[in-house]
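Have a look at the structure below, then the notes.
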Number of protein chains: 2
Amino acid sequence: MLSFSEENYLKAIYHIEKLQSNGVSTNAVAEKMDTKASSVTDMLQKLAEKRLVIYKKYKGALLSAKGKEIAISVIRKHRLWESFLVNKLNFSWDEVHDIAEQLEHIQSDELINRLDAYLGFPKVDPHGDPIPDKDGNIAKQEKIKLSNLKETQQGILVTIKDSSDDFLRYLDKKSISIGSTIKVIAIEPFDKSILVKIGKKELMITENVANNLLVKEI
Amino acid sequence: MLSFSEENYLKAIYHIEKLQSNGVSTNAVAEKMDTKASSVTDMLQKLAEKRLVIYKKYKGALLSAKGKEIAISVIRKHRLWESFLVNKLNFSWDEVHDIAEQLEHIQSDELINRLDAYLGFPKVDPHGDPIPDKDGNIAKQEKIKLSNLKETQQGILVTIKDSSDDFLRYLDKKSISIGSTIKVIAIEPFDKSILVKIGKKELMITENVANNLLVKEI
DNA sequence: ACAAATATTTAGTTATATCTAAAAATATAT
DNA sequence: ATATATTTTTAGATATAACTAAATATTTGT
């Protein structure tokens with residue numbers, strides 16, 4: 001059985017792999033895990049020994065099939081627990097991350113499969129991210145950045161890329177949440193800021209904000 | 001913040017304290033935790049340093065007010081999670097212990113209080129044990145051993161003292177479960193075995209079994 | 001009361017997961 | 001292409017929570 005720490009490393013590597021197709025660098029993992037590069041090297045060596053990553057000195061790491069399977073199972077647990085917290089315990093979607101970070105390490109396949117059933121086999125979590133099924137299959141999502149929409153197009157907000165507290169608070173203040181329908185009214189050519197309509201209100205957002213809002217086009 | 005291990009020690013000491021009013025011995029803790037006496041000594045010294053137990057060399061340990069508070073909060077979490085697993089996810093009450101042992105260490109007051117509300121503020125868990133409230137108050141339960149009942153008396157099974165797998169399987173096979181109404185038909189003077197009636201069936205149980213079934217007299 | 005048995009503690013070891021500082025490899029820039 | 005900068009690894013240290021073996025304290029039985 002793996003430690004919390006090992007599971008967290010596998011999860012981090014998985015997420016980084018999805019962004020860059022090449023090997024995952026020590027530094028990238030260190031940044032994601034908020035730890036030191038030397039600690040990452042130690043852990044990569046250990047995970048390589050356990051055949052969970054393929055690791056070449058100075059060349060970074062990639063998940064093995066087994067490592068990927070474990071990473072996905074942790075992500076499945078994380079997203080199902082987030083769904084539980086929001087849908088059953090009425091947390092708001094920006095409060096649940098830290099608790100789900102703990103719950104994702106609970107070991108019991110039976111538990112997580114029953115939780116899945118109890119929630120009605122949800123396809124996406126409260127942030128709009130897809131929930132892997134029992135066999136590790138993940139439904140592909142057509143998500144594009146809000147900044148890729150053209151004037152008059154609209155989308156449903158499905159994912160927040162930057163999940164820093166500051167950004168989550170900003171969204172909350174502006175009443176922007178997962179599921180919101182957002183229409184692009186006008187794009188300012190000078191700084192790419194965007195005038196959008198959310199519900200009945202019009203709002204100006206920066207390009208940076210628009211890059212961190214992923215929508216499903218409708 | 002305390003480690004899982006520290007929390008488990010506090011919980012073990014709490015349970016042992018309830019049985020013997022004097023100081024909790026190193027050996028008693030070692031047996032309960034399935035570890036070595038020397039490991040217990042190490043931990044008691046650490047917990048004493050953190051003012052969570054009062055510890056005197058060779059004299060055993062007692063929980064401080066703070067230590068007791070933490071122990072009770074862990075027990076509250078354990079019992080609420082067991083209630084969730086049984087009442088919402090349809091686990092049977094003999095399957096939930098190991099999962100609850102993990103869930104009891106999740107850190108979030110908000111989570112546990114919302115879970116409590118979601119479950120309807122239950123007073124007892126699926127084993128019949130009382131659930132401490134948010135402030136650490138535990139309702140007293142009038143529980144007596146089935147072996148203390150006299151002929152013709154009856155009780156509702158509220159707690160299983162011995163929770164070994166073998167015993168739980170025995171009870172399952174005999175269809176004895178928390179909430180069962182048990183009537184004492186006759187007591188054999190020779191070996192104190194008891195003829196009981198559970199539902200419509202009569203059944204002979206040994207004194208040992210009767211000592212491990214705690215009932216609320218009705 | 002004292003020897004034997006039992007319980008407890010101490011000392012020293014191991015494994016995990018982290019860190020800092022220094023060394024080594026790789027990438028970059030002129 | 002070579003010096004400089006960056007990245008990565010190694011070596012050595014720390015903290016936690018276990019363990020074993022040996023030492024010490026307490027309890028028990030005669």
Side-chain angles (χ1 to χ4, degrees), chain A residues 1-14 16-17 19-63 67 70-71 74 101-102 104-105 107, chain B residues 1-14 16-17 19-63 67 70-71 74 101-102 104-105 107:
Chain A
M1 229 201 29
L2 299 187
S3 68
F4 283 23
S5 189
E6 290 168 316
E7 288 191 346
N8 286 334
Y9 272 96
L10 292 176
K11 193 176 53 143
I13 295 165
Y14 178 88
I16 298 166
E17 256 188 38
L19 304 176
Q20 337 148 154
S21 54
N22 39 333
V24 173
S25 76
T26 303
N27 255 7
V29 177
E31 192 176 338
K32 182 128 201 159
M33 306 272 304
D34 192 27
T35 186
K36 301 289 166 171
S38 58
S39 305
V40 174
T41 299
D42 285 348
M43 185 56 92
L44 291 181
Q45 289 171 342
K46 186 163 78 156
L47 293 174
E49 190 136 322
K50 295 190 177 186
R51 311 281 159 166
L52 298 173
V53 304
I54 292 97
Y55 167 66
K56 280 233 186 86
K57 262 192 188 187
Y58 297 103
K59 298 297 176 193
L62 287 170
L63 292 177
I70 293 170
V74 174
E101 283 290 304
Q102 299 179 61
E104 72 187 7
H105 301 295
Q107 300 287 340
Chain B
M1 229 200 29
L2 299 187
S3 69
F4 283 23
S5 188
E6 291 167 315
E7 289 191 345
N8 285 335
Y9 272 96
L10 293 176
K11 191 176 52 141
I13 295 165
Y14 177 88
I16 298 167
E17 255 188 40
L19 304 176
Q20 337 148 151
S21 54
N22 39 332
V24 172
S25 76
T26 302
N27 255 8
V29 177
E31 191 176 338
K32 182 127 202 161
M33 305 273 302
D34 193 25
T35 185
K36 302 289 167 176
S38 57
S39 305
V40 175
T41 299
D42 284 349
M43 185 56 93
L44 291 182
Q45 289 172 342
K46 187 164 76 157
L47 293 174
E49 190 138 319
K50 294 189 177 186
R51 310 284 158 165
L52 299 173
V53 303
I54 292 97
Y55 167 65
K56 280 234 184 87
K57 262 193 187 187
Y58 296 102
K59 299 297 176 191
L62 287 170
L63 293 177
I70 293 169
V74 174
E101 283 290 303
Q102 298 179 62
E104 72 187 8
H105 301 294
Q107 301 285 339

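So that the names make sense, note that chain A is the first sequence line, chain B the second, and so on, each numbered from 1.
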Whole angstrom is fine here: how far is it from NZ in Lys56(A) over to C1' in dT9(D)? 17 Å
Under 4.0 Å between any heavy atoms, over every strand shown, what does Tyr55(A) touch: base, sugar-phosphate, or nothing? Just pick one. sugar-phosphate
If you count the non-hydrogen atoms of other residues, nucleotides and ligands that lie under 6.0 Å from CD in Glu31(A), is the total more than 12? no
Does either side chain, that of Gln102(A) or that of Gln102(B), offer a donor lying less than 3.5 Å from an acceptor on the other one? no
5′-ward residue of the pair Phe4(A)/Lys36(A) relative to DNA chain C: Phe4(A)
How many Å lie between CD on Glu49(A) and P on dA15(C), as a whole number? 12 Å
Take the angle between the ring planes of His105(B) and Phe4(B) and call it parallel below 30°, perpendicular above 60°, tilted in between. parallel
Leu44(A) CG to dT10(D) C1', straight-line distance once rounded to whole Å: 14 Å
Quick one: Asp42(A) CG to dT16(C) P, roughly how many Å, whole number? 12 Å
Calculate the interatomic distance between Tyr58(A) atom OH and dT26(C) atom P; express it in whole Å. 7 Å
Closest of dT18(C), dT10(C), dT8(C) to the Gln45(B) side chain is dT10(C)
Asn8(B) CG to dA18(D) C1', straight-line distance once rounded to whole Å: 14 Å
Are side-chain heavy atoms of Ser3(A) and Tyr9(A) found at a separation under 4.5 Å? no
When you get a sec, tell me which of dC19(C), dT8(C), dT8(D) is the closest nucleotide to the side chain of Thr41(B)? dT8(C)
Taking N and O atoms by type only, does the side chain of Ser38(B) place a donor or acceptor under 3.5 Å from a partner on the base of dT20(D)? yes
Lys57(A) has its side chain closest, among dT9(D), dC19(D), dT24(D), to dT9(D)
Salt bridge check: are Glu6(B) and Lys11(B) linked by an N-O gap of less than 4.0 Å? no
Would you indicate which nucleotide in dT18(C), dT26(D), dT8(D) comes nearest to any side-chain atom of Lys59(B)? dT26(D)
On a plain distance test, is the side chain of Thr35(A) in donor-acceptor contact with the base of dT18(C) below 3.5 Å? no
For Asn27(A) and dT6(D), is the shortest distance between a side-chain N/O and OP1 or OP2 below 4.0 Å? no
Could you say whether Val40(B) or Lys50(B) is positioned toward the 5' end of DNA chain D, judged by the nucleotide with the nearest heavy atom to each? Lys50(B)
Please check the phosphate of dA18(D) (OP1 and OP2 only) for any side-chain N or O of Tyr9(B) closer than 4.0 Å. yes
Considering just the side-chain nitrogens and oxygens of Ser39(B), establish if one lies under 4.0 Å of OP1 or OP2 belonging to dA18(D). no
Examine dA7(C): is either OP1 or OP2 under 4.0 Å from a nitrogen or oxygen in the side chain of Thr26(B)? Give yes or no. no
